[in-house]
Structure formats: C-alpha cells, structure tokens
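We count ligands from 1, going down the list as the structure has it; atoms in each ligand are counted the same way.
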Amino acid sequence: MQQPFSMYNIIRNKRDHQELTQEEIQWVIQAIGKGEAADYQLSALLMAIYLNGMTEKETQYLTDAMLASGEILDCPSHLYIDKHSTGGVGDKTSFIIAPIAAACGVKVPMIAGRGLGHTGGTVDKIEAVKGYKTDISMEEFVKLVAKNGIAMIGQTAEIAPADKKLYSLRDVTATVSSIPLITASIMSKKLASGLNGIVMDIKTGNGAFMTEFSEAQKLAKSIRDTGNRFHKNMMTVITDMSQPLGHAIGNAIEIIECVECLKGKGPQDLMEISLYLSGGMIYLAGIAKTHQEGIEMAKSSIKDGSALAKFKTMIFNQNGDDSFIDDYSLLPHTECSTNSIATRSGYISVTNCKAFGIHCVTLGGGRAKTSDKIDFAVGIYLHKKIGDFVNAGDIIATIYHHAGQQSIANEIATAISRQDITLSDNMPEQQKLILETSVKLVDGK
Ligand code: URA
C-alpha cells in the first residue's frame with residue numbers, strides 16, 4: 001500500500017537513494033507554500049539532495065513545482081531577455097549588463113537574489129543605495145520594464161516563493177553547490193518572470209559553487225535544457241572565477257565599481273565580461289544579428305552614456321537617491337581601513353578566491369545565518385590581481401571596516417598576504433576569463 005506523504009518518508013527515500021516521484025516533490029513544495037514544512041526537515045532534505053543528487057526527471061519535477069509555487073508572468077515580446085549568474089566573488093555584472101542591454105532596446109525584467117554562501121547578492125548590493133526599493137509590486141515591476149526596459153527587484157512572494165524559502169536555507173546549510181538545486185532555483189525564478197531568453201553566466205574556479213570546469217559544463221547543460229524545454233532562447237557562458245571579478249568585494253564598493261564601468265572607467269576583466277554577456281542579451285533579443293554585433297552595440301552604449309542614463313533611470317524609478325552616481329561619499333562607507341601588505345616581491349600567481357568572499361561575510365558584508373543584517377559599508381578592495389608584479393611592502397588589498405573590527409581586519413590582512421595570495425618568481429600564464437559559450441535558440445531567430 002502507498003504510504004501517505006510525509007516529510008520524514010521523503011527525506012528517508014532521498015537519503016536511501018530512491019528516485020523521488022513527481023507527487024512527492026510537488027507535496028514538499030506545496031507544504032512550503034502552506035507554511036507546513038519545518039526548516040529542520042527541509043534542511044535535512046536539502047542535504048540529502050546535495051549528497052545524493054537528483055536524476056534529470058527529479059530536477060524537472062523540482063523546477064516545475066517551484067515555478068508553479070507562484071505567479072508566472074506573460075512574456076509580452078521576444079525583446080524580454082534576462083541574464084543570471086550562478087554566483088561568484090565580486091560578481092557585480094548585473095548593474096552593468098542590465099542598463100547596457102536596456103539602452104540597446106532589450107527589456108530586462110531582473111528578479112535577483114540575495115547573497116548565497118560566500119558569494120554576494122545583487123539585491124543586497126543595490127540596497128546599499130539609499131531609498132532603493134527591491135520590493136515594489138509586481139504590477140509596478142511589469143510597468144517599469146515595459147516603459148523603461150529595466151527594473152531590478154528581489155524575490156517576491158509572487159514569483160517562485162518556494163525558492164525564496166529553499167534559497168535562504170541552502171545559504172546557511174552548506175547545500176548550495178548542487179546542480180539540481182541550482183538549476184531549479186535559478187530557472188524557477190527566471191521562467192516565472194516573463195522572458196523569451198536567458199543569458200546564464202556559469203562561474204567555475206575556486207570562488208564558484210562549481211569549482212570544476214566539468215561540473216560547470218554539466219550545470220550549463222542542465223540550465224540550457226531546462227530553458228529550451230520551456231521554449232526559451234538560451235546562451236550559457238562558462239566564465240572564470242579563480243579570482244574576484246574586478247577589484248571591489250562588498251556591497252557599496254561594488255556599486256561604485258559598476259558606476260565606474262558605466263562611465264567607461266571600469267577594470268578590464270569586469271568590462272570584458274559585461275560587454276560579452278550584454279552583447280549576448282542583445283543578440284538573443286534579435287536586436288543584433290550576431291553576438292559580436294551585440295557586443296559592439298553594448299560598447300557604444302557605454303561610449304554615448306546611454307547605459308549610465310538607464311542605470312540612473314532605474315535607481316530613480318525604484319525610489320533610490322541617484323545623487324551617489326556623482327558623489328560616491330553618499331553611499332555607506334566605513335570610518336576605518338587596514339591594508340594587507342606583500343611580504344615579498346613576486347608575481348601574483350594564485351588567489352584563494354573563495355576566501356575573499358568569506359572575509360567579506362566575516363566583516364558583515366554577507367550573512368552567516370538567515371537573520372543576519374547586511375553591512376553595506378564594509379568590504380575589501382583588491383589592488384593587485386593574478387599576473388601583477390608586487391614589491392615587498394606594496395599594498396595588495398585594503399580592508400574597509402568599522403572601528404570595533406580592528407582585530408578582525410588585522411587577521412584578514414594577514415590571511416590575504418600569507419595564505420590567500422601566492423607570489424611566485426615567474427609570471428603565470430594568462431588565464432582566459434570566458435571559457436566556453438553555447439547557444440541554443442528555439443524560435444529560429
Ligand atoms: N543563484 C540562484 O538564484 N540560485 C542558486 O542556487 C545559485 C545562484
């Protein structure tokens with residue numbers, strides 16, 4: 001006889017490597033919706049999934065159930081394209097890419113996430129801007145995208161609410177780096193937000209959830225297949241995350257770095273990836289005939305200031321005070337800073353990228369538990385990157401912290417110079433930032 005569904009039985013089945021049925025998965029997601037799933041049991045189930053994986057079918061059922069947990073917006077036209085990243089350290093590209101794409105005619109309905117594990121979150125970063133509302137109504141969100149081509153909000157109670165719950169539990173239970181969980185989390189949100197196509201930035205390297213390239217390839221395929229199953233145009237791009245992207249790691253300081261990019265003064269790696277991904281969005285929208293043409297259009301939007309203007313419009317429309325764009329001191333900032341100094345001369349050859357994310361969480365720039373409040377002001381500015389030569393005594397990084405955090409800052413400064421960065425006598429081989437791109441169009445454009 002079929003046993004009645006219960007969290008206990010479903011956890012046990014997954015623990016014992018049984019394939020969960022569509023009904024079991026739907027039952028769990030519906031229990032979340034009704035507020036009947038206890039956090040400790042959901043956490044146990046997440047861990048069982050993390051350890052034992054999910055089949056392709058289970059991943060489909062989970063994505064579908066999470067998608068159905070909330071509203072699904074219509075996609076008004078082929079111009080509706082979004083970009084999402086699996087998450088990394090200093091990964092702030094959304095604030096550059098979305099305005100570029102919008103300036104080129106793409107409609108970007110961006111529903112973004114909060115920090116996860118050692119990686120920062122788009123929503124946490126933009127909330128560093130005074131007054132900016134990430135929780136506007138769905139109606140307002142839809143209107144803003146239609147009118148201005150851009151809006152950026154956090155997860156709402158309407159869109160994939162089951163993901164909101166699971167995301168916050170995964171963040172604090174070390175269950176993030178799982179292909180089925182990442183696929184279902186990202187795609188349930190994206191498929192619900194009324195899109196015709198998605199550019200997915202899949203990070204790989206020691207600062208990413210998928211540390212191995214082969215795992216990143218599997219995740220890329222899982223995401224692409226899910227998108228295509230829903231008739232979405234998909235571009236997956238696997239990019240390097242073996243060192244932080246750009247120089248800034250934190251919330252307010254990452255926003256500053258993005259504004260610098262939009263002003264045409266950003267760091268090379270951050271610009272390269274932002275132009276590449278936004279060019280992909282312009283291409284998927286059918287505005288450019290090729291990806292390369294999309295990249296050229298993206299470059300023009302930086303040169304002529306239209307991307308910066310879109311960013312400003314977005315901030316203004318969502319109640320943010322946009323005056324920080326001309327005066328960064330209006331953003332939250334700390335009263336103290338401590339430098340991390342090179343102990344010897346040499347080329348920076350390796351960075352422990354994840355450690356930088358963890359340092360930022362330790363300072364309060366991310367969450368160690370779901371109830372933690374984000375400190376927008378703290379962060380780390382990495383002056384030197386892989387391939388740079390440093391002399392003994394040079395500043396490698398600056399830690400921005402509060403007066404009461406001096407001993408933590410000292411520890412971080414020492415960890416950066418002694419453990420997180422490797423200095424060698426020979427210049428390391430140049431690393432590629434963009435490692436693999438796959439495009440799968442479903443509507444023949
Ligand atoms: N981003 C998401 O939205 N979900 C994940 O699981 C990882 C990155």
key: Pair K190 + D82: basic N to acidic O under 4.0 Å   = yes
query = Charged N to carboxylate O under 4.0 angstrom, K14 versus E58?
reply = yes
query = Between the side chains of T239 and D201, does any donor sit under 3.5 Å from an acceptor?
reply = yes
request  = Pick out which of T134, T313, D135, L144 makes a side-chain contact (heavy atoms from CB on, under 4.5 Å) with Q318.
outcome  = L144
At less than 4.0 angstrom from any non-hydrogen atom of [X], what atoms of ligand 1 do you find?
| X | result |
| --- | --- |
| S185 | 2 (C), 3 (O), 4 (N), 5 (C), 6 (O) |
| R170 | 5 (C), 6 (O) |
| H84 | 1 (N), 2 (C), 3 (O) |

ask   = If we only count heavy atoms from C-beta on, is the N317 to E140 side-chain gap below 4.5 Å?
value =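 Counting from C-beta outward, N317 and E140 never come under 4.5 Å.
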Full working for salt bridge (charged side-chain N to carboxylate O under 4.0 Å, His left out) between D240 and K203 = CA-CA 6 Å; D240 179 60; K203 302 283 183 205; over 6 Å; no
ask   = Hey, is Y167 touching ligand 1 through its side chain, its backbone, both or neither, going by heavy atoms under 4.0 Å?
value =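 Side chain only.
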request  = Consider every N or O of T86 and every N or O of ligand 1, then say whether any pair is closer than 3.5 Å.
outcome  = no
request  = Write out the residue and atom name of the closest protein heavy atom to atom 7 (C) of ligand 1, then the distance separating them to 0.1 Å.
outcome  = L116 CD2, 3.6 Å
ask   = Among all protein non-hydrogen atoms, which one is nearest to atom 3 (O) of ligand 1, and what is the separation to 0.1 Å?
value =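 Heavy-atom neighbour on the protein nearest atom 3 (O) of ligand 1: K189 NZ, 2.6 Å.
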